[in-house]
Structures are given as C-alpha cells and as structure tokens.
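Because the structure is predicted, anything quoted here is derived from the model rather than measured.
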Amino acid sequence: MQKRLQVVIEGVIQGVGFRPFIYKVAKSLDLKGFVFNTSDVVNIEVQGEEENLNNFIKEVIENPPPAAKIAKIEYAEIHLKDDEDFQITNSVVKNPSRIYIPKDLCVCKDCINELFDPENRRYLYPFINCTNCGPRYSIIEHLPYDRENTTMSDFQMCNDCLEEYNNPQTRRYHAEPNACEKCGPEVLLFDSSENFIASSKDAIELCKKLLEEGNIVAIKGIGGFHLAANAYNDESVFRLRQSKKRGNEPFAIMMPDIESIKEIAYVSSEEKEELLSVERPIVLLEKSDNYNLSEFVAPKLKKIGIMLPYTPLHYLIFQNLKINALIMTSGNVHDEPIVSSNDEAFEKLKNIANYFLTNNRRIRRKIDDSVVFFALDERLIQRRSRGFVPEPIEVPFKLKEGIAFGGELKNTISLSKNNLIYISQHIGDLKNKDSFEYMKWVYSDLLELLSIKPEFVACDLHPDYLSTIFSESLNLPLIKIQHHKAHIASVAGSLNLKDKSLIGVSFDGVGFGEDGNSWGGEFFLCNGKDYKRVAHLEYFELPGGDIATKEVWRIAYSLLRKYFGCNIPINFPVEPDKVQIIDFMLKNKMNTPTTSSIGRLFDGVSSLLDLIQTTTFEGEGAMILESIASPLITTSYEPIILKENGEFIIKLEPLITDIISDIKYNISKEEISAKFHNYICSIILKVSNILRDAYSVEDVILSGGVFQNVYILNRIKSILTEEGFNVHLPKDVPINDGGISFGQLYLASLLIS
C-alpha cells in the first residue's frame, strides 16, 4: 500500500552530506518525493510502500552521515502526490527558529586516499574536501549553507567540479567548498618581506625544507594562521617563545600519526579516540619516559598538548618530512586574537615568522584549535573552539533571546534562542584593544548569523571588566551573575540539573565576590535559581593586587606574615628590600585586597617550595606544583573547618604551619606537593559531608580552573563517588572561564523566567 510521509529533521544536518544521503536512501528503497534545506531544518516528502517508508526512517535515524547529528525528527502521513522520481530541490530561506550551523571538519579518509593517489585528479591538492569534511563555520557568510553564501563564492567551479557538485551519486554533491587545482584556492609561499617565492606543490616542498632547517613558518589553516617550527630544535623553539613573548607557557604540537605520538606520550584508548575524532582537538597527554622534544616546548610540566593533522595541507607537510613533531601554536602576538587574513599576518607576524605559507581562500571567522583533557576516562574541555563551535547546547525549557559576555580571561560569549545556547569560539583574554574589538565583532557576527534580537544581557559582577562595561552600554535589561555561581550554573545547565538540590564547588584563580572580596574557593548550596554561598576558604591578603598573581612570592610572604607575624620561620628567597615594601603594605593595609582563592593558594605554596617566584603565564605555579606531586603519597594535611557567621570557613593557619614544618624537616617537595593536593581533596570531601548531613544533598558539581588539575580531579571524583555522592562535571562546556558565559546566560534565564 502506497503512503506519503512529510519528514522534518533538526540538528547538525547542513554541510555534512545530509541531502545526498537522503537521496541515496530514498532511491535505494524505490521511493519518490523530494528533499530541501531551509535555514534551520531539512524538509522531506517521501512516498512509497509502507515497509520501505519504515526502513527509510530507520536508516535515517540509525545511519546518518558521520558528521551529522540529529536533534529531532518528526514525520506524519500526508496526501499522495504524482512524483516521478526522488529529487533534491533548491533551498528555501526563511526566518529560522532553531539553527544548527555546520562546524569545521577534519579531512576524511576518502579524501586523504585521493590526496595521495597519483591517478586522482586532486593528487596532492591541499584543498581537497567532500560533503564529509572540510571547512564550514569558518567560511560561512550567512545561512543557508550554500556555496554562494560562503567565501568559496570567490572561486568559479570548473566543468569537472561542477559536474560532481550537481551529481547526487558523488561524494561531492553540494559539497560547498568543492574545488580542484584548476579552479580552487592556491597555496603561496612568501618571505617575511612579502617577496613571493613559490606556489602550489613547490611552495609546500620548500616549506618542509625551511621547517627542517629551523625556520619559523606562519601557515594559514582553516580558522587562522599557525606559527610552525621544528619541535626538536632548541634554537627555533626558544626563538619562537621569545618573539611571541610567551614566557614559559607550553606550546601545542602536531604529529603525523598515533604511532609517533606514542613515542613521546602515554595515550589511553579514550585519548586515542579523541585524537582521531572529526573535531581533531589538541589533547593534553602525559609525557612518557621517552619524551625527547626540545626542553622549551613545555618546560617543567608533565603534560603536553598534541594534535593530529586535520587539513590536507597538514598531511602534505608531514609527507616525507624528516621530523615528526612541529610546534603548531596560534598565529598571534602575545594576548592578541589569532590572525586570519594574509595582510594581517604580514603586518603582525613579520617579526616572528621567517616565511609565510598562505593561500587565497578567505577566512570568514577566526577560530583557534580546541583543547581537551581526560580525567578518569571522562573528556573535559579546556578550550571550546574549532570542531565544537558553533554546535549549540540544548536546555530543557524555552529561553528568551539573550546574550552573555563572560569574564575577562579565556573569554567567550553565549547567545540563547528557543531552547538552545550557543557558545562562541574562544576569544581570549580581554586585556587589550584588539581582543576587546574582536569580542565586539564576534557579538555582531553571531547576532546576524543566528538571527537573534536579544531581550536581555548577562555579565560578570566585576565593574572594571571590559565585558561588563560593554554589557552596560547595550541599553538592555542587565543581569549581573557572580563569577563562581556562573561556573556552577555552566554544569547545571549543560547536564539538565535544574530541578536537583546541589552542592556547588567552584575553585579557581579569581572572581569578584558579592562582598567585594576576590573569591575562588567557594561552596554553594543550589536549588533551582537560588545559589547561596555556604562555605569558603579563609580570606588572605594579596599585596599589590593583580601583580601578586605574577610575583607569587608576595602571596607566600603574605601567608607567612599572617600566621607567623614578624618571625618568618624560613629563609625567604627574595631580596630583603622587596620584602620590606610588602611588609609595609600589609601592616598599613595599602593595596592589599583579600581573597579566598584556591588558585592563589596554589601560587603561594609553589613559592614556599621555591618552585617559582615570578610566573610568566596564569596558573604556571599550580601546573608546576601538579607536575611534581608524587602519586605514591596518600597522606594529607588535615583541614580545619569552623563555622563563623553562618558560613563554614576553611582555616589556613594549620596548613601553612604544617607545610613550613615539612620544609624545615627537609621533606621532599614531591611529598609536600602531594600532601597539599590531597588536602584540597580532603577539604571538598569534608565540606560536602557537612552539607549533606545538614541539607540532605548528595549531588556535587565541580567547576572552575583548579579542576583542570587532573591529580585533584581524578582523586576527588573517586573519593566522592565512594562516599555515595553523585559527581557532576561540565558536559560540552569548558571547565574553566571559557564556560562562564554559558553559566551566566543559563542562570540569568532562570532568574527572569
């Protein structure tokens, strides 16, 4: 019996070969009808025998294209029509209610096989792609995702490419970036004075030789430029570090395959799967005993960020390359956004790169590499950008259209539409005009792309953040969300925990508190939209304010002075005249803001152990402290928690006294670090037990930058689970300040609903 169905599908279904997939399934089942895109859904009408229609729906749900992600499928029987065949018809533009924008995808295996096949017409062509792979979000001008709405409209397809593009039986049917050497983008090599050297295959071969010789090459990729260098060459890596003004912040590297990675790092099955995923993020891996890269790649750290090639150009560069590890760091000047245009690259990177491997395909959106790590086999996101953005996160209730502007560090912005929240690509630290202007550009771009007209804006409490100042200028209803509440809300929102009573543990470096102090070691009791702080780390002073986050010896001295007075019990490794100035500031309470930050406590302890006195990037002291912690030590410093003025206060004097005692008795730094890490876990367990007994709450959220520390995260998650708690970590949202905007928007939406 003949029937006809109307099928509407929402999700990540544009730019992933979905219409050709529907066409092939329909044809294989002898069905008639048509399929077309709108700005937000795929519409299908399909007619045939009932059994074939059932098989059609089953195949669509169970075996969609690799990069597709079906969020919702609805179908209903409609009247029969007189279709003679099944067709793909033209897209229809309409005002979308739910938008799923295709993300940039790594090159697929089929294209790689063609890339290295001498008989294929795209042999060694660095822009090979198909419906299963290639640039998407970075080249879209506006929706729907059709070629004329992308930067590939600059290139007119040759007859061969056009034939593929119009043939539903090919892998390149409506592959919008479709191109070949005859008609597509071209690779070009220049020196730092913008002198042209070579193009196409010659440019790539020369680039390889230049990298082998120790040169720094700026290479244009999907979302911007990388700065590439030989990761084994001390001189090259050190020069790159110095010219980028990067301090000791670790570089990410790219290696050609899993086997190469295993030569220098330990790789679990979950980490391997993530390295090979279509997102191709940087994965933080533990260095192995055979690690032999330059000491300047990731100084003093146990972990290194590694990614696999994700563009055809990357594969071509590694082909027959004499080295198997390249620095692939963002092409930018320190604290500025990644550069994406050729002109911008020549202007800003000419004093860093010796050569430039560019191309003539425009990048519409700057987008950095994503960064992930694993704790107890669970993937967590440190930077959510290429490969993940702009895929939205669904919440279980309808949202007003709004926008949130995040914090100052690791800034992102988030926007809401219907029941979806979109987190922008990584913007960076809002510390200069360029970063601030980029944030404003991303805001305008996403408003247009997502067709959002915000009804409210959410931001941080800190009055001096550029994101707060900009939010206040928008003339919209403004909701300010405390930083650490936003951290907790980012987890509650991403995991649909709105209706649960929760203990929220938010540990990080800094966040403006509701009492005017700097918070960072906070416990909340959360019910729906009500977040109440119930416990925190004892306040201590930061002499000089923000400068203490760099000169961490100031924090160490402040802690010693607080608990030992003038009788400093250890030889303090800082010049006496500097110490006298800090002493004067503390005595007279001059520019000595107070904090409850666990992150700043880490800084102070790293200084007490003389691991570092002046940091070169945020969190450096904590990362070094984690790197030396002995996994064999199970003992802990004993946490003392007292109730004062209705809140539980974690007292610091016993901790600092015990650490100083261990230093005086020559206990190893490795053991002291482990006992300190175990102490942080003990705090969380002890306070959680107190709150469970008082409020009958068994669900615990962990969020904030401190939980990028895998030693702590692995241990506390295991301990809490063994004690009967349900432990929740953010899903698809960065665990650090990159998730703040999502948390702000989610909690603000609850508060105004």
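Taking the ring centre of Tyr137 as origin, the terminal cationic atom of Arg365 falls inside the region bounded by 6.0 Å and 45° from the ring axis. For the pair Arg692 and Phe725, the cation-pi test (distance below 6.0 Å, angle within 45°) is passed. Relative to the ring axis of Tyr422, Lys417 does not place its NZ or CZ within 45° and under 6.0 Å from the centre.
What you find for Thr468 and His462 is that their closest heavy atoms are OG1-O, 2.9 Å. The nearest pair of heavy atoms linking Ala748 to Ile481 is N-CD1, 4.1 Å. The shortest heavy-atom contact between Leu301 and Pro250 is CD1-CG, 3.8 Å.
The main-chain N or O of Ser277 is found under 3.5 Å from a side-chain atom of Arg280 such that the two form a donor-acceptor pair. Between the side chain of Ser138 and the backbone N or O of Ile363 there is no donor-acceptor pair closer than 3.5 Å. Side-chain N or O atoms of Ser494 include one that pairs as donor or acceptor with a backbone N or O of Val491 at under 3.5 Å. At least one donor-acceptor pair closer than 3.5 Å links the side chain of Asn419 to the backbone N or O of Val395. In this structure a side-chain-to-backbone donor-acceptor pair under 3.5 Å is missing from Glu401 to Glu455.
No salt bridge links Glu279 with Arg386; every basic N to acidic carboxylate O contact stays at or beyond 4.0 Å. A salt bridge links Glu472 with Lys480: at least one charged nitrogen is closer than 4.0 Å to a carboxylate oxygen. Electrostatic pairing of Lys651 and Glu538 counts as a salt bridge here, judged by a charged N lying under 4.0 Å from a carboxylate O. Between Glu541 and Arg600, none of the side-chain N atoms (NZ, or NE/NH1/NH2) sits under 4.0 Å from a carboxylate O, so this pair counts as no salt bridge. Glu378 has a carboxylate O that lies under 4.0 Å from a charged side-chain N of Lys717, or vice versa, which qualifies the two as a salt bridge. Here Glu391 does not pair with Arg384 in a salt bridge; the nearest charged N to carboxylate O distance is not below 4.0 Å. Using a 4.0 Å cut-off between a side-chain N of Lys or Arg and a carboxylate O of Asp or Glu, Glu270 and Arg379 do not qualify as a salt bridge. A salt bridge is absent between Glu408 and Lys431: the closest approach of a Lys/Arg side-chain nitrogen to an acidic carboxylate oxygen does not fall below 4.0 angstrom.
Within 6.0 Å of NZ in Lys440 there are more than 12 heavy atoms belonging to other residues, nucleotides or ligands.
When only modelled atom types and interatomic distance are considered, Ser596 and Glu522 share a side-chain donor-acceptor pair under 3.5 Å. Under 3.5 Å, the side chains of Glu698 and Asn726 contain no donor-acceptor pair of N or O atoms. There is no side-chain donor-acceptor pair under 3.5 Å between His142 and Glu448. Remark: the Glu620 side chain and the Asn248 side chain contain an N/O donor-acceptor pair separated by less than 3.5 Å. Residues His483 and Asp737 have side chains that bring a donor and an acceptor to within less than 3.5 angstrom of each other. A side-chain donor-acceptor contact under 3.5 Å links His484 and Gln482. Using a 3.5 Å distance cut-off with no hydrogens or angles, the side chains of Asp368 and Gln425 do not pair a donor with an acceptor. In the model, Asp603 has no side-chain atom that pairs as donor or acceptor with a side-chain atom of Ser606 under 3.5 Å. A donor and an acceptor atom, one from each side chain of His426 and Asp369, are nowhere located under 3.5 Å apart.
Under the 30°/60° scheme for interplanar angles, the aromatic rings of His226 and Tyr310 are found to stand perpendicular. Using cut-offs of 30° and 60° on the angle between ring planes, the pair Trp519 and Phe524 is tilted.
Here the two rings, on Phe512 and Tyr465, have centers that are 6.0 Å apart or farther. Note: Phe507 and Phe523 meet the aromatic proximity criterion, with ring centroids under 6.0 Å apart. Between Phe617 and His334, the ring center distance fails the sub-6.0 Å criterion.
Partner Tyr539 forms a side chain to side chain donor-acceptor pair (under 3.5 Å) with one of Thr594, Thr595, Asp515 and no other, that one being Asp515. Tested against Ser741, the residues Ser424, Ser467, Ser490, Ser414 include a single side chain to side chain donor-acceptor pair (under 3.5 Å) partner, Ser414.
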(request) Might you work through the ring-ring contact (aromatic ring centres under 6.0 Å, His included) test for Phe470 and Phe405, ending with a clear yes or no? (result) CA-CA 9 Å; Phe470 184 68; Phe405 282 94; 5.3 Å; yes

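Atom NZ of residue Lys244 and atom CG of residue Asp335 lie 10.0 Å apart, to the nearest 0.5 angstrom. Distance check: Leu450 CG to Ile101 CD1 gives 4.5 Å after rounding to the nearest 0.5 Å.
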